[in-house]
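Below: one structure, written as structure tokens.
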Amino acid sequence: MVLLSTSKYTKVMPIPMQTVSEWYTTIVERAGLAEHSPVRGCMTIKPYGWALWENIQRPLDEAFKATGHQNAYFPIFIPLSFLAREAQHVEGFAQECAVVTHYRIKTDTATRSVSPDPEASLEEPLVVRPTSETIIWHSFKDWIHSYRDLPLLINQWANVVRWEKRPRLFLRTAEFLWQEGHTAHATAEEALQEARMILDLYASFVQEYLAIPVIKGVKTPNERFAGAVETFTIETLLIDGKALQAGTSHFLGQNFARAFDVKFLNAQNELEYVWATSWGVSTRLIGAVILSHGDEKGLILPPRIAPIQVVVIPIWRKEEEQAAVTQKAREVTEQLKAKGIRVKLDDDPQHRPGWKFNEWELRGVPLRFAVGPRDLEAGTVEVAWRHSAHKSTYPQSEAIARIEEWLMDIQKGLFDRAKARMESQIYRTDNYTEMREILEEKGGFIFAHWDGTTETELAIKEETGATIRCIPLEMPSEEGRCIYTGRPSSQRVLFAKAY
RNA sequence: CGAGGCGUAGCGCAGCCCGGUAGCGCACCUGCUUUGGGAGCAGGGGGUCAGCGGUUCAAAUCCGCUCGCCUCGACCA
């Protein structure tokens, strides 16, 4: 269908459905975002990928602080017994925890082998955090005494480990980076409001910065975070028709407060358990960007998070042209820089312009300025748009003057395109056979009635592979009959096969 | 954990069926010509053929075991 490149130097690489995973792995590696590490399930994030992550972190971090949150840091190791404090929580993570059992290794110089020293086993094994609720609530017990200590609004940027059986770069890795917010409140209403506020914040961020449309919703009890009373989610659909949870926000009720005995004195001098939330987004967002905007030529990055927004490429034929062209390219680069644009001048003599064009397109740079002898004469630059493949020549002054406008248009264009694509992949149906056919053939969201039971949810999952991604928050309720059992239903939910 | 596939130069691969001097493309080094969509020619460097064991005069190739990776399932905020 769509081809990565027809050049004789690159393999022809079809995208859709069956081969998306191959396309995805190729793009991640060739664009220099990340690579597989010697440790199964873990990845090495390369400089370009890290720059992208930094551009995601920065605005999020600012938004958290602007809404009153403070950053802190808690240990990576959690005593095994802490996890056991909250029954549902431990059950949810038991299958995927890495455990540290020794504090020393033994070396054998003869065989040049090393192994854990059997005489140095830890009295209490330590779990490498799969999430930090337990160790954070251990601290919260000491931090919270009165209603004057509330609300307590904490965030941490950290790595976590979940021993995934089937890892994918960025989308599901054994170790990943994220932020996790943990808050404590005096009332249920306030905690719930916090969870909803963060959900809105996530949705705005993902839509406005990553240009990815999302649907806000509530998870079913079956899909809920282990230990939560209510889990809110933002869900999106990727180019292959599979759903991806892009962020979650949990209302934890008093579950962790009870488990860790965190009480406060209210204004009436009465002792009460606090109310809590937790919420997070991860490096998975990078996977979402790749699989929302990418095409046959590679990555396409939204300008607001692109490590390089404009690449400037000098072009010359004869040696005597080189100096003049390069100088002009430098001037253009400086003018863009002066306007706060993230710009790269690629004057590497190792590669010819054509090679550079392909390379920077593969890496998703939104705009390319080319400056050659013709432009030198005319005082122009050639501007090329990555996402639309449009190419035009403008007077240099106009190109510089319009750069912000162009980048904003690209940002909006990417969002509109992704939104139109997602909407075209939402199928509203009341017919189970049709639902199965759609899921089988095209993927996408199935917007259908559900009787509200876990039993039905699991049966549908068993038969179709699709799960309920969420009960949308911003859709009107509507009476109907469950697509599977025919029992009464008061709202449609979104089914999909998910990452 | 189940089913398939793959481990040969930094990367991508051929060679294996049918045993006999380890090859190709890209990348790298040197030189010249080139440079507006992945440059051309000439010369050159680079290998524990995943590991261990077996068969054989001889093993990348045949046999056995082990390890690793990928894809698809099962499982999984």
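Letters go in sequence order (proteins before strands), and every chain restarts at 1. Predicted, not measured: the structure shown is a model, and the values here were computed from it.
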What are the atom names and distances for every N/O pair under 3.5 Å that joins the protein to nucleotides 66-70 of chain B?
residue: rC70(B); atom: OP1; partner: His36(A); partner atom: ND1; Å: 3.3
residue: rC70(B); atom: OP2; partner: Arg40(A); partner atom: NH1; Å: 3.4

- Message: Ignoring hydrogens and geometry beyond distance, is the side chain of Arg363(A) in donor-acceptor contact with the base of rG38(B) at under 3.5 Å?
- Response: no
- Query: Given the C1' atoms of rC41(B) and rG36(B), what is the spacing between them in whole Å?
  - Reply: 23 Å
- Message: Strictly below 4.0 Å: does Lys461(A) bring a side-chain N or O up to OP1 or OP2 of rC76(B)?
- Response: yes
- Donor on one side chain, acceptor on other, Gln179(A) and Gln57(A), under 3.5 Å: no
- Neighbours of RNA chain B within residues 88-98 of chain A, by heavy-atom distance under 4.0 Å: Gly92(A), Glu96(A)
- Heavy-atom distance under 4.5 Å between the side chains of Tyr24(A) and Ile290(A), does that happen here? yes
- Query: Is it the case that Tyr484(A) and Glu463(A) place a side-chain donor and acceptor less than 3.5 Å from each other?
  - Reply: yes
- Is it the case that Thr173(A) and Glu175(A) place a side-chain donor and acceptor less than 3.5 Å from each other? no
- Message: Distance check, P atoms only: rC65(B) and rG40(B), in whole angstrom units.
- Response: 47 Å
- Could you let me know what rU48(B) is paired to, Watson-Crick or G-U wobble, both distances under 3.5 Å, or none if it's on its own? none
- Task: Have a look at Arg284(A) and say if it touches a base, only the backbone sugar-phosphate, or nothing, with a 4.0 Å heavy-atom cut-off.
- Result: nothing
- Item | First encountered from the 5' end of RNA chain B, between Phe176(A) and Lys165(A) | Lys165(A)
- Has the side chain of Arg172(A) got a donor or acceptor atom sitting under 3.5 Å from an opposite partner on the base of rC76(B)? yes
- Item | Aromatic Tyr499(A) / basic Arg172(A) pairing, under 6.0 angstrom, 45° off normal | no
- Between rG38(B) and rU48(B), how far apart are the P atoms? Round to whole Å, please. 36 Å
- Spacing of Asp348(A) atom CG relative to rA39(B) atom P, expressed in whole Å: 13 Å
- Query: Can you tell me how far P in rC52(B) sits from the matching atom in rU8(B), rounded to whole Å?
  - Reply: 15 Å
- Base, sugar-phosphate, or nothing for Gln245(A), non-hydrogen atoms under 4.0 angstrom? base
- Query: Between Arg317(A) (CZ) and rG36(B) (P), how many Å, whole number?
  - Reply: 7 Å
- Item | Residue Trp355(A), side-chain heavy atoms: nucleotide from rG38(B), rU71(B), rC76(B) that is nearest | rG38(B)
- Would you classify Tyr499(A) as touching base, sugar-phosphate or nothing, given that sugar-phosphate means primed atoms plus P, OP1 and OP2, and contacts are heavy atoms under 4.0 Å? nothing
- Establish whether the base of rG37(B) is bridged to the side chain of Lys391(A) by a donor-acceptor pair shorter than 3.5 Å. yes
- Opposite nucleotide pairing with rC67(B), Watson-Crick or G-U, both atom distances under 3.5 Å: rG7(B)
- Can you tell me, in whole Å, how much space there is between the C1' of rC16(B) and that of rU35(B)? 43 Å
- Task: State plainly whether the residues Lys165(A) and Glu96(A) are in salt-bridge range, i.e. N to O under 4.0 Å.
- Result: no
- Using a heavy-atom cut-off of under 4.0 Å over every strand shown, decide if Trp360(A) touches base, sugar-phosphate, or nothing. nothing
- Message: Less than 3.5 Å apart, any donor N or O on the side chain of Thr277(A) or Trp279(A) sitting next to an acceptor on the other?
- Response: yes
- Message: Nearest to the side chain of Arg166(A), heavy atoms from C-beta on, is which of rU35(B), rU71(B), rC76(B)?
- Response: rU71(B)
- Item | Any side-chain donor near an acceptor of the partner, Asp61(A) and Trp157(A), under 3.5 Å | yes
- Take the protein atom CD of Glu462(A) and the nucleotide atom P of rC76(B), then report the distance between them rounded to whole Å. 11 Å
- Tell me the partner of rG31(B), counting only Watson-Crick (N1-N3 plus N6-O4 or O6-N4) or G-U wobble (N1-O2 and O6-N3) with both under 3.5 Å; none if nothing fits. rC41(B)
- Query: When the nearest nucleotide of RNA chain B is assigned to Gly247(A) and to Ala370(A) on a heavy-atom basis, which residue is associated with the more 5' position?
  - Reply: Ala370(A)
- Is there a donor-acceptor pair under 3.5 Å between the side chain of Thr183(A) and the backbone N or O of Leu152(A)? no
- Task: May I ask you to verify whether the side chain of Arg352(A) and the base of rG36(B) hold a donor-acceptor pair under 3.5 Å?
- Result: no
- Among rG37(B), rA74(B), rG36(B), the one nearest Lys297(A) by side-chain distance: rG37(B)
- Message: Work out how far the C1' atom of rG15(B) is from that of rG19(B), and round it to whole angstrom.
- Response: 13 Å
- Task: Take atom C1' in rA60(B) and the same atom in rC6(B), then report the distance between them in whole Å.
- Result: 15 Å
- Message: What is the separation between atom NZ on Lys356(A) and atom C1' on rA39(B), rounded to the nearest whole Å?
- Response: 13 Å
- Message: Please report the interatomic distance CG(Leu301(A)) to CZ(Arg363(A)), rounded to the nearest 0.5 Å.
- Response: 10.0 Å
- Gln322(A) near the nucleic acid: base, sugar-phosphate alone, or nothing, with a heavy-atom cut-off under 4.0 Å? nothing
- Query: Gln350(A) has an atom CD; how far is it from atom P of rA39(B), in whole Å?
  - Reply: 13 Å
- dist Lys216(A):NZ -> Ile234(A):CD1 (nearest 0.5 Å) comes out at 9.0 Å
- Write down the distance separating the C1' atoms in rG53(B) and rC75(B), rounded off to the nearest Å. 37 Å
- Find the distance Asn358(A):CG to rU35(B):P and express it as a whole number of Å. 18 Å
- Query: In the structure shown, which nucleotide is the Watson-Crick or G-U wobble counterpart of rC76(B), with both distances under 3.5 Å?
  - Reply: none
- Looking at rG36(B), rC75(B), rG38(B), which one has an atom nearest to any side-chain atom of Arg30(A)? rG38(B)
- Query: What residues form a side-chain contact (heavy atoms from CB on, under 4.5 Å) with Arg317(A), not counting sequence neighbours?
  - Reply: Glu321(A)
- Would you mind classifying the nucleic acid contact of Pro130(A) as base, sugar-phosphate or nothing, using non-hydrogen atoms under 4.0 angstrom? nothing
- Taken to the nearest whole Å, CZ/Phe357(A) to P/rA39(B) is 11 Å
- Report yes or no: does Glu180(A) contribute a side-chain atom to a donor-acceptor pair with the main-chain N or O of Ser132(A) at less than 3.5 Å? yes
- Query: rC13(B) pairs with which nucleotide, Watson-Crick or G-U wobble, both distances below 3.5 Å?
  - Reply: rG23(B)
- Gap between atoms CZ and C1', on Arg224(A) and rC76(B) respectively (whole Å): 18 Å
